[in-house]
Structures are given as C-alpha cells and as structure tokens.
Number of protein chains: 2
Amino acid sequence: MGTGTTRRQPTLDEVAARAGVSRSAASRVLNKAPHVSRATRDAVERAIKELGYLPNRTARALATRQTGIVALAISHDDPELFADPFFGQVIVGVSSALEETDLHLLLCLASSGRGRSRLTNLLNTRGVDGIMLMALHGDDPLTHIVRRAGLPAVYGGKPLHFKPQWYVDSDNLGGARLATEHLLGLGRTRIVTITGELGTEAGAARCRGYREAMIMAGLTPYGVAEGDFTEASGAAAMRSLLDEHPDLDAVFAASDNMAAGALRVLSEAGRSVPADVAVVGFDDLAIAERTDPPLTTVHQSIQSLGKEMTRVLLELIAGRETASLILPTRLVLRGSA
Amino acid sequence: MGTGTTRRQPTLDEVAARAGVSRSAASRVLNKAPHVSRATRDAVERAIKELGYLPNRTARALATRQTGIVALAISHDDPELFADPFFGQVIVGVSSALEETDLHLLLCLASSGRGRSRLTNLLNTRGVDGIMLMALHGDDPLTHIVRRAGLPAVYGGKPLHFKPQWYVDSDNLGGARLATEHLLGLGRTRIVTITGELGTEAGAARCRGYREAMIMAGLTPYGVAEGDFTEASGAAAMRSLLDEHPDLDAVFAASDNMAAGALRVLSEAGRSVPADVAVVGFDDLAIAERTDPPLTTVHQSIQSLGKEMTRVLLELIAGRETASLILPTRLVLRGSA
DNA sequence: GACGATCCTGGAACCGCTTCCAGCCTGTCG
DNA sequence: CGACAGGCTGGAAGCGGTTCCAGGATCGTC
C-alpha cells in the first residue's frame with residue numbers, strides 16, 4: 001500500500017470495449033455460458049489476457065448472491081482452547097478440501113458475546129455462503145441463529161440435545177467400545193473409565209461405548225469418574241478411582257491427555273503399566289507416542305473430520321443431495337495395553 | 001438451509017419507504033453521517049428496528065470498495081505444520097484484536113501451488129482489505145505478489161533477505177542473548193547452542209544472540225549444531241555436540257522442542273540436568289512445563305504477536321501512521337538452568 | 001423584510017458484474 | 001420461396017448499497 005501504483009484493475013466494460021463486443025457477451029465468455037460464437041470468445045479471451053483482467057469478486061458476489069466464502073465457527077467459552085492442535089488439524093482438513101474450489105475460509109472464534117454477535121451479523125448479512133460449526137456446548141444459541149439464517153450449515157461433532165440435519169462426527173461410541181473390548185480381550189475385567197465432560201456428546205458417547213462393551217461381556221461397569229478431557233482432570237479422576245477400586249486392572253480414558261494424567265498417577269502409586277494396570281486412551285494425539293509407556297489409544301482423524309465437513313457443506317451449497325457422516329476410528333496398539 | 005423460510009432480508013429501499021424518506025436519507029442515518037434531522041433519524045431507526053433490517057455486506061463492499069475482511073496467510077510447504085499450536089496462538093491474538101472491529105478473518109493456508117494461486121487471485125480481485133503474512137521462507141514469491149497488489153500488508157516475523165516496511169516480530173536476538181547470559185551468570189563457560197534452521201530469520205537471529213553474548217563475555221562460541229526446531233532434530237544435534245565437546249556444561253536450544261530432545265539425550269548419556277549440564281530453551285510452549293526437569297526458557301507471547309500484527313494492519317487500512325514492532329521476550333526460570 | 005449562510009433533503013449516478021429479453025441473423029424444411 | 005427454429009447478440013434492468021449535487025426550507029442578521 002502507501003506508495004504502490006495500485007493501477008485500477010480493468011473492468012469488464014473495458015474488456016468488452018477492447019474486444020469490440022458487449023459487456024454481456026464478455027460476461028458470457030467469462031462464465032463459460034452457452035450461446036457464444038467462437039470469434040467472440042477468442043476476442044474476449046485475448047482482451048482479458050492483454051488487459052490482465054480479473055473479475056471483481058465483490059461485484060460478482062452482489063450479482064450472484066454468492067460470496068465465495070464459507071465460515072468455520074468455533075464456539076467455546078475459552079478462546080485459549082483454540083490453541084489446541086485439534087483445531088489446527090481441522091483447519092488443515094478444511095483447507096485441503098477447499099483447495100480445489102474457488103471458496104475461501106473465514107474463521108470465527110465466537111467465544112465472547114461480542115464474537116457471537118459478530119458471527120450472527122455475518123450470517124444475517126449473508127456475508128458467507130455456508131457455515132461449519134464446532135465445539136458447541138449444549139444448547140448454544142448459535143444453533144438457532146444459524147437455523148433462522150437459513151444458511152447451509154454443517155456441524156462438526158454432534159451437539160448434545162439437538163440433532164442437526166447435517167453433521168460429521170467421529171465414531172466415539174464405536175471407538176470406546178473398541179478400546180474396552182481390547183482390554184477385555186486382554187483378560188482384564190476390573191476395567192474403570194475416566195470420562196470426558198458428560199455434558200458433551202463426545203464425552204457421553206465414549207462413556208456409553210465403555211458401558212455397552214462391559215455389559216455385552218456380561219460385566220457391569222466397574223468404576224466411572226468424570227474428567228474434562230485435560231491431563232489434570234485425568235490425574236484427579238485416576239486418584240479417586242484408585243481410592244474406590246484399589247484392585248482395578250485396566251483404565252479406559254476418554255482422551256489421551258487424561259490418559260497421560262492417569263499414567264502419571266499410576267506410576268506414583270507404584271502400579272506398573274501394563275503389567276498391573278492396562279491403559280487405553282482416545283484421540284491419538286502426538287502426546288500418545290511420548291508417554292511412558294507409549295499409549296495404546298483410539299485413533300480418530302481430525303483432518304478427515306474437517307475435510308468431510310467441508311465436502312458435505314459444498315454439496316449443500318451446490319444444492320445437491322448429501323448426508324451426515326460418522327467417521328471410523330481404530331485402535332492403535334502401543335505399550336500401555 | 002433447505003426447508004428454511006429464508007424470508008428475504010429487507011433492503012434499504014424498503015426501510016426508506018417505511019420511514020417515508022429517501023434511500024439516501026436512510027443511508028445517512030445508517031452511517032451516522034451529519035446533516036440528518038432528528039425526525040428523520042428517528043423514523044429511519046424505527047423502520048430499521050421494525051423490519052429487522054441489516055445492511056447487505058456485499059452491496060456495501062461494492063460501493064465502498066472495502067470488503068471488511070482481512071486475510072491471514074500462512075505460507076509453508078508443509079500444511080501439517082499448521083497443526084502446530086503456534087498458529088493457533090497467533091489466531092487467538094488476531095481474533096481478539098479483530099473483535100473490536102467490524103472486520104472478519106480469512107485464513108489462507110498457502111502451502112501448495114494451488115493455494116498460492118488462490119491467494120494471489122484473492123488479492124488481485126481485491127477480495128480483502130489487507131493481509132498478514134507468516135512463515136515465509138526466504139524469497140517467497142508471495143512477497144512480490146503482495147507488493148504488486150498494493151494492499152496493506154504486515155509480516156509476522158521478519159522474512160530473511162527482505163525487509164518489509166511493516167512487520168511485527170519477537171525479539172529473537174535479545175531473547176537468545178538473555179538465555180546465554182543467564183547461563184554465563186551461572187558460571188558456565190562451555191556453552192553450546194542448538195540452532196533452528198539458519199535459513200529462517202528466527203533461527204539465524206537466535207544463533208546470533210548466542211554468539212554475541214559469548215563474545216561480549218570474552219568467550220568464543222563453544223559449539224554450534226543446526227537443527228530444524230523439532231524435537232528429533234534437537235536430539236540429533238545434542239548427540240553430535242556431546243560427541244564433539246564431551247565436556248560441555250550448558251546448552252542453549254533455539255526452541256523448546258529441541259530442548260526437550262536434548263534433555264532426553266542428556267539423560268540417556270547419564271548427564272544430570274542442571275547439575276552437569278544446564279539447559280535453556282526458547283518459546284515457552286506448554287511442553288516446557290512438562291519436561292524433566294521443567295525447562296528454563298525464553299518466553300515470547302505469540303498471542304501478542306498476532307494482536308500487534310493486527311493492530312498495525314488496522315492502522316494501515318485506516319490510512320494512519322504506524323510502525324513496525326519488536327516484541328520483548330523474557331526469561332522464565334524453571335528447573336533446567 | 002431582504003439576504004445569505006446553514007441545514008436537510010431526494011434524485012441520480014455509480015460501484016462492477018449477471019441475466020433476462022427482444023431482435024437479428026442464419027440455416028433448414030416443407 | 002416463405003415460415004420457423006435455432007444460435008448470437010447487445011440493451012437494459014437488476015443486485016443493494018454510497019455519495020455527489022442541486023435545490024428547498026429554515027434560521028439569524030442587518
């Protein structure tokens with residue numbers, strides 16, 4: 001800026017004039033519309049090249065009522081949470097899916113009230129063609145706003161208490177079942193679980209998966225303590241579980257971070273892993289490779305989540321049929337179980 | 001979408017009609033322009049409220065030639081790198097600064113050629129009002145494109161080989177000097193450094209800081225090994241340094257991740273930290289609190305970096321005077337030195 | 001009471017593109 | 001040879017705002 005010669009971009013009118021055709025003809029060439037003769041096309045294309053013409057995004061958006069922008073909204077009370085690599089992964093996935101289109105990504109951290117109202121305004125002023133929502137807790141007012149705005153919307157991770165028409169989620173239930181079944185397969189029976197926040201769908205589903213697996217094996221859930229997905233909460237939960245059930249022989253933690261906390265507490269308590277207590281986590285974050293012993297865990301691909309959300313959103317925007325998706329999870333065997 | 005009643009948003013014309021004034025009058029009220037009577041203002045404001053009117057973003061953008069969007073472009077060959085919490089922090093900072101404005105954030109991962117050309121197109125079609133650039137390596141063609149587009153631009157972290165007019169950076173040089181001086185103050189003299197990629201400004205500056213501090217203390221740099229900021233590279237560098245200089249008594253690693261790698265290798269080699277070897281890192285990431293022993297490191301606030309970049313960009317967009325910035329770093333003492 | 005100066009006002013142009021539509025030209029068929 | 005069905009074309013009306021400008025109303029002043 002500042003000193004730049006910022007020569008005004010040529011307009012479509014100038015292109016048309018140079019090519020000796022009307023503006024509408026030029027526009028047709030630009031949009032590869034039918035009913036344009038070879039001669040016209042060539043002339044316009046040459047003029048475009050010579051002038052270095054590029055269509056003005058905003059003008060086109062106004063005429064077509066399509067902004068060429070999709071939003072990714074992350075709604076959470078704590079903006080710091082966004083620093084979690086989780087969202088970075090989502091964004092990488094979203095970007096890769098967007099790469100093949102002409103759409104761009106608008107990122108909204110709707111944590112504060114101000115952030116929410118900015119997002120609301122963006123939706124209501126039709127500032128984006130569609131929106132992806134993540135990390136909604138419970139009955140986030142955002143869901144209403146989105147619905148009222150009547151905009152294509154895809155949810156990442158089912159919100160609790162509300163089944164959106166379109167969402168993409170990891171198979172939390174299946175993953176938790178997988179983990180628990182693996183522990184059962186190892187001959188463990190006194191298996192406890194450290195859950196994530198039960199106020200989130202992921203937290204609840206992973207807990208349900210554990211319960212179902214136990215029951216299917218003819219056992220009853222042996223011990224349940226609620227955490228909030230963080231390492232500290234995992235440690236605390238582990239302590240209370242050891243207290244209540246000193247003879248436990250396996251732990252399924254609903255996140256790697258909590259599993260890491262649990263490992264720490266177990267080692268302090270003199271239990272050896274996996275000999276005395278087998279531990280399985282969930283997420284397969286980088287930390288899972290660095291714990292001692294390395295953590296057996298349930299892998300979910302966050303990038304795929306972002307990619308698939310985007311794919312569904314694109315279909316929606318294009319007005320095509322599409323459907324929600326549950327992404328598979330799989331067990332990654334390392335040393336802890 | 002789909003079933004939504006998506007009732008068309010009212011337009012300014014409808015507001016004007018309802019208020020019984022002209023569209024221009026209504027527009028004036030909307031923009032708090034002078035020369036509008038009390039009566040007109042009231043009537044228009046009432047009509048706006050009754051109709052639930054919201055100005056159309058795109059139309060306004062076309063008329064004012066201001067999109068209300070700023071871009072954050074992250075240019076790096078490896079899109080995975082974006083999953084690093086670093087960028088999450090930047091984004092949190094940027095968002096917080098944007099929160100008080102009417103601007104929104106467009107995120108561009110310009111890693112692939114396709115990503116770059118999309119970004120180029122975005123700039124040339126005036127799809128954004130300004131841009132912040134990060135993680136440019138060497139002579140990224142992006143810098144030319146940005147300059148030619150004549151758009152307000154701010155760089156995060158000085159690129160090497162090119163001094164942008166506006167940038168915000170952490171005080172890498174000062175921080176590295178601080179770290180080295182701390183080690184010197186501890187009485188260590190056989191201090192080695194594990195550098196980041198010397199092809200980046202941060203890597204080079206941190207190495208220079210180490211050198212300068214050593215020289216100012218009347219010493220010569222004792223040992224230098226280049227890493228690439230990752231833990232694995234830190235471990236490798238540490239091994240080769242131990243090999244060359246078995247009697248080293250301190251290490252300054254240019255990143256916490258590399259310091260973590262170094263700590264691992266030192267412990268394998270039977271050196272105790274900080275007794276035998278003192279270690280200082282750089283960045284003050286979460287990992288610094290979890291190493292054994294906890295890592296003494298140079299703190300830089302990435303959020304501030306994002307926030308300040310945004311502040312400078314906003315000034316630029318507003319056409320006000322502004323200046324580049326170097327953000328201070330400080331030493332955080334923990335167990336390793 | 002006449003006269004600017006000042007404040008408001010609505011009309012109209014404009015931002016740059018898409019798209020509908022009427023009209024032209026051509027070619028084909030009966 | 002006349003009628004008709006196309007394919008192409010440019011004019012014009014949009015998309016929904018902002019902003020310039022000329023003119024009318026209002027005011028205070030001499």
Side-chain angles (χ1 to χ4, degrees), chain A residues 6-45 47-48 51-69 102 121-122 124-129, chain B residues 6-45 47-48 51-69 102 121-122 124-129:
Chain A
T6 317
R7 57 193 172 311
R8 204 175 50 64
Q9 284 281 351
T11 72
L12 191 55
D13 271 315
E14 303 177 60
V15 169
R18 174 156 197 138
V21 301
S22 73
R23 176 164 32 132
S24 24
S27 173
R28 262 174 240 130
V29 172
L30 213 55
N31 298 309
K32 306 195 193 316
H35 303 311
V36 32
S37 71
R38 185 59 195 268
T40 301
R41 182 193 330 285
D42 288 350
V44 172
E45 275 171 357
I48 288 179
L51 262 44
Y53 168 79
L54 283 173
N56 178 305
R57 232 176 170 40
T58 310
R60 176 173 284 184
L62 182 57
T64 59
R65 298 145 164 287
Q66 293 261 316
T67 61
I69 298 179
D102 276 325
N121 184 269
L122 185 72
N124 288 333
T125 56
R126 305 232 100 65
V128 296
D129 294 341
Chain B
T6 317
R7 55 193 174 314
R8 205 173 50 65
Q9 283 282 350
T11 72
L12 191 54
D13 271 315
E14 302 179 57
V15 169
R18 175 158 198 135
V21 302
S22 73
R23 175 162 39 135
S24 26
S27 173
R28 262 174 239 128
V29 173
L30 214 55
N31 299 309
K32 305 197 193 314
H35 304 312
V36 33
S37 71
R38 184 60 194 269
T40 301
R41 182 192 330 283
D42 288 350
V44 172
E45 276 170 355
I48 288 179
L51 262 45
Y53 168 79
L54 282 173
N56 178 305
R57 233 185 163 57
T58 310
R60 178 174 281 183
L62 182 57
T64 60
R65 297 146 165 288
Q66 293 260 315
T67 60
I69 299 179
D102 277 325
N121 184 269
L122 185 72
N124 287 333
T125 56
R126 305 231 101 63
V128 295
D129 294 341

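Note that these values count all heavy atoms, side chains included, but never hydrogens, waters or copies made by symmetry. Throughout, a chain's letter reflects where its sequence line sits, starting with A, and its residues are numbered from 1.
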Handout entry: Proximity to the side chain of A:Thr11 - top-ranked nucleotide from D:dT9, C:dG16, C:dT9
Key =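 Nearest listed nucleotide: C:dG16.
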Length of the line joining [X]:[atom1] and [N]:[atom2], which is rounded to integer Å:
X	N	atom1	atom2	value
B:Glu14	D:dC15	CD	P	10 Å
A:Arg41	D:dG7	CZ	P	14 Å
B:Gln66	D:dG17	CD	P	17 Å
A:His35	D:dG10	NE2	P	15 Å
B:Leu62	D:dT18	CG	C1'	10 Å
B:Asp13	D:dG17	CG	P	8 Å
A:Asn56	C:dC14	CG	P	17 Å

Exercise for the section: Could you list the residues that satisfy salt bridge (charged side-chain N to carboxylate O under 4.0 Å, His left out) with A:Arg60, not counting sequence neighbours? Expected result: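 Applying salt bridge (charged side-chain N to carboxylate O under 4.0 Å, His left out) to A:Arg60 gives none.
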Handout entry: salt bridge (charged side-chain N to carboxylate O under 4.0 Å, His left out) partners of A:Glu14, counting only residues at least two apart
Key =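 Scan of A:Glu14 (salt bridge (charged side-chain N to carboxylate O under 4.0 Å, His left out), adjacent residues dropped) gives A:Arg8.
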Problem - B:Ser37 side chain near C:dT9 phosphate (N/O to OP1/OP2, under 4.0 Å) - result: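 B:Ser37 to C:dT9 OP1/OP2: side-chain N or O found under 4.0 Å.
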Exercise for the section: Please determine if a side-chain N or O atom of B:Arg65 lies less than 4.0 Å away from the OP1 or OP2 oxygen of C:dG16. Expected result: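 Answer yes for this pair, as a side-chain N or O of B:Arg65 is under 4.0 Å from OP1 or OP2.
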Problem - Heavy-atom pair with the smallest gap, counting every atom of B:Leu62 and A:Leu62 - result: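 In terms of heavy atoms, the two residues are closest at CD2-CD2, 3.3 Å.
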Practice task
Just call it for B:Thr40: base, sugar-phosphate, or nothing, with non-hydrogen atoms closer than 4.0 Å on any strand.
Solution key: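 B:Thr40: backbone/sugar contact only, no base atoms under 4.0 Å.
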Looking at side-chain heavy atoms only, is the closest gap between [X] and [Y] below 4.5 Å?
X	Y	value
B:Val21	B:Val29	no
B:Val15	B:Val44	yes
B:Leu30	B:Ile48	yes
B:Gln9	A:Thr125	no

Please enumerate all protein N or O atoms sitting under 3.5 Å from an N or O of nucleotides 18-24 of chain C, with distances to 0.1 Å.
residue	atom	partner	partner atom	Å
C:dT18	OP1	A:Asn31	OD1	3.2
C:dT18	OP1	A:Asn31	ND2	3.1
C:dT18	OP1	A:Arg60	NE	2.9
C:dT18	OP1	A:Arg60	NH2	3.1
C:dT18	OP2	A:Ser27	OG	2.7
C:dT18	O4	A:Arg23	NH1	3.4

